[in-house]
S.K.: 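The structure that follows is given in the form of structure tokens.
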Amino acid sequence: MTDTENPETEDTPRDFIRDRIRADLDSGQNDAIVTRFPPEPNGYLHIGHAKSICLNFGVAAEFGGTCNLRFDDTNPAREDAAYITAIQDDVRWLGFDWGENLFHASDNFEQLYAWAQNLIEGGLAYVDDLSAEEMREYRGTLTEPGRPSPHRDRTAEESLDLFARMRAGEFEDGDRVLRARIDMASGNINLRDPVLYRIIRADHPRTGDAWCIYPTYDFAHGQSDAIEHVTHSLCTLEFEDHRPLYDWLLENLPVPARPRQFEFGRLNLGHTVLSKRRLIQLVEEGHVAGWDDPRMPTVTGLRRRGVPPEAIRDFIGRLGITKADGMVEMSYLENTIREHLNQTAPRRMGVLDPIKLVIENYPEGQTEELDGVNNPTDESAGTRKVPFGRELWVERDDYMDDAPKKFRRLTVGREVRLRFAYYVTCTDVIKDADGNVTEVRCTYDPESRGGDSPDGRKVRGTIHWVSAAHAETAEVRLYDDLFTAEEPGKERDWIEDLNPASLEVRSTCYLEPALADDDGVVQFERLGYFAPDADSAPGALVFNRTVSLRDSKPKG
RNA sequence: UGGGGCGUAGCCAAGUGGUAAGGCAUCGGGUUUUGAUCCCGUGAUCGCAGGUUCGAACCCUGCCGCCCCAGCCA
């Protein structure tokens with residue numbers, strides 16, 4: 001979606017950024033718009049990035065512009081080529097296409113170097129010999145102005161020579177930096193002579209060892225925007241302080257275009273963490289199984305969990321774009337996921353905590369096939385055959401001793417419907433020495449085949465089941481919030497807020513046979529939506545619970 | 001006590017001087033061969049205090065609260 005296929009419509013989202021773009025187009029400020037999504041290849045994309053992706057690519061599509069994918073690969077000490085391909089996979093999976101517009105900040109290293117020289121020549125930058133610690137001392141504090149470095153006034157000739165020697169590798173990492181010469185007393189600390197280039201001897205994924213000096217974010221980002229002719233450079237709120245520097249550089253350099261930066265509030269989601277630092281720590285310390293652990297808020301994790309990309313896009317769209325920073329409830333995401341899956345997921349039956357149910361008056365050895373509706377919200381989804389027999393698996397908590405009136409499921413003397421099958425009346429229950437129910441005994445009404453009684457008799461409850469003789473055995477992984485606290489780290493160390501029960505593995509579940517052939521997300525009736533895991537194999541099925549169904553059963 | 005932002009119901013969020021959209025959640029009620037879905041109903045005087053105005057969530061002033069910035073990270 002990088003050109004004019006999807007022009008702006010009346011139900012296009014509205015927010016302050018789109019309003020501004022519309023105004024810039026109307027006033028002739030811009031003939032066409034160009035945005036960019038600029039990830040640093042030092043980690044996997046998470047749902048917070050998805051917000052930026054949807055905004056940048058979305059806005060470009062709505063206004064008939066283009067959106068570039070640009071890697072901000074300016075720090076080889078932290079970045080890795082493996083992330084570059086993973087990020088591209090994730091963006092594509094989310095449903096966006098950058099066409100030919102794949103760029104890297106590193107494509108511009110030679111130009112950036114030349115521009116740095118321009119700055120030095122104009123007296124707007126200088127090479128500083130201060131150490132990192134010294135520079136911190138000279139910088140001042142939030143309330144006290146900084147002091148000029150002793151090298152601040154060295155001649156352009158000297159800085160030019162030193163800068164060339166930095167590039168040539170004559171100095172050690174950290175020995176010298178190139179700094180902009182702006183205002184050491186500025187209330188905005190980003191303007192107190194920010195570092196433009198530093199020496200880093202690390203192999204770069206794209207430029208190898210061609211360079212040992214690398215531009216900082218501030219010196220690379222705006223200029224890369226200009227080189228790509230980005231018109232609207234959309235970033236998160238924490239870069240608001242950098243905008244004066246972004247503008248200063250563009251105004252003092254012979255750039256080919258004049259992009260503008262706009263900031264919006266980043267996404268915060270409850271019961272999880274969305275900082276790259278913390279996500280990396282979760283992976284490295286083994287609190288999760290990897291970047292694609294289904295409990296992770298990463299794009300790849302959500303994908304493995306079974307979340308459809310449409311649901312992510314819809315979720316982001318519903319949030320809107322503003323400058324207020326809030327905390328979005330995880331349940332909002334879950335609800336959006338349910339909404340999409342409800343429309344698309346075929347219904348199946350699976351028993352996750354099985355107990356045996358025996359129909360005493362059903363002939364031994366007899367088997368039949370019943371029709372199951374695949375999706376009541378979509379008639380075109382059709383039906384499937386579900387095998388039935390004398391012995392079934394049913395859910396342990398669908399039986400209860402001395403059940404209260406409100407309990408609509410199995411208890412001795414009560415009649416319930418087996419979904420798509422028959423009415424059964426519970427006659428007895430068998431328990432082991434410890435009092436645990438091991439088997440539920442029932443009788444069935446042969447007249448109720450299909451789930452309706454010809455005499456019009458009603459039953460209050462319907463339960464799901466799987467024929468014991470035909471069941472597929474599977475492992476099912478149930479997930480809960482990764483963190484018990486809505487805001488991990490607010491009350492104590494964030495690691496302590498990890499939810500010890502975020503993963504529950506049910507190793508012996510019984511599924512109806514159709515599940516052996518399903519490869520997408522399905523609904524296990526009355527339980528939730530489940531997706532085959534990457535670990536799943538014929539004969540060794542593994543399902544992830546994407547999200548449970550809403551449950552309005554009375555408590556207790 | 002420096003600079004930059006933000007503050008509309010539990011959450012997200014419209015609204016930009018004319019008398020508070022919508023979504024999610026909650027709580028009621030209806031339908032239902034998933035206690036699902038679906039359908040109906042349900043809540044705010046807009047951080048606070050003054051001021052301007054016939055009239056302010058929207059304009060002015062002063063407070064209060066929250067977030068970001070002192071990486072040679074992005």
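Numbered from 1 within each chain, the chains take letters A, B, ... in sequence-line order.
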S.K.: Distance criterion of 3.5 Å, no angle test: do you see the side chain of A:Gln523 paired donor-to-acceptor with the base of B:rU34?
M.R.: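 A donor-acceptor contact between them is present.
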
S.K.: At under 4.0 Å between heavy atoms, what does A:Arg136 touch on the DNA or RNA strands: base, sugar-phosphate, or nothing?
M.R.: sugar-phosphate

S.K.: Name the nucleic acid region contacted by A:Gly174, choosing base, sugar-phosphate or nothing; use a 4.0 angstrom heavy-atom cut-off, strictly under.
M.R.: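 Since a base atom lies under 4.0 Å of A:Gly174, the category is base.
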
S.K.: If you measure only the distance, is there a donor-acceptor pair under 3.5 Å linking the side chains of A:Asp455 and A:Ser453?
M.R.: yes

S.K.: Within the structure shown, what part of the strands sits under 4.0 Å from A:Met327 by heavy-atom distance: base, sugar-phosphate, or nothing?
M.R.: sugar-phosphate

S.K.: A:Lys406 near the nucleic acid: base, sugar-phosphate alone, or nothing, with a heavy-atom cut-off under 4.0 Å?
M.R.: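 Base contact - A:Lys406 has a heavy atom under 4.0 Å of at least one base atom.
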
S.K.: May I ask you to say what A:Asp241 touches in the nucleic acid, namely base, sugar-phosphate or nothing, with a heavy-atom cut-off under 4.0 Å?
M.R.: base

S.K.: With a cut-off of under 6.0 Å to the ring centre and 45° to the axis, is A:Arg147 in cation-pi contact with A:Tyr138?
M.R.: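 Yes, a cation-pi geometry.
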
S.K.: Mind checking A:Ala132 for me? I need base, sugar-phosphate or nothing, with any heavy atom below 4.0 Å counting as a touch.
M.R.: base

S.K.: Please report the distance, rounded to the nearest Å, between CG in A:Asn342 and C1' in B:rU32.
M.R.: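 Nearest whole value for this atom pair: 13 Å.
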
S.K.: Starting at atom NZ of A:Lys323, determine the distance to atom P of B:rA14, rounded to an integer number of angstrom.
M.R.: 13 Å

S.K.: When we call it a touch if two heavy atoms are under 4.0 Å apart, what does A:Tyr197 touch: a base, just sugar-phosphate, or nothing?
M.R.: nothing

S.K.: Answer yes or no: side-chain N or O of A:His464 and base N or O of B:rA36 forming a donor-acceptor pair under 3.5 Å.
M.R.: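 For A:His464, whose side chain was compared with the base of B:rA36, there is no donor-acceptor pair (under 3.5 Å).
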
S.K.: Within the structure shown, what part of the strands sits under 4.0 Å from A:Arg243 by heavy-atom distance: base, sugar-phosphate, or nothing?
M.R.: nothing

S.K.: According to the interplanar angle, ranging from 0 to 90°, do the rings of A:Tyr44 and A:Trp291 count as parallel (below 30°), tilted (30 to 60°) or perpendicular (above 60°)?
M.R.: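 Taking A:Trp291 first and then A:Tyr44, their aromatic rings lie parallel (interplane angle under 30°).
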
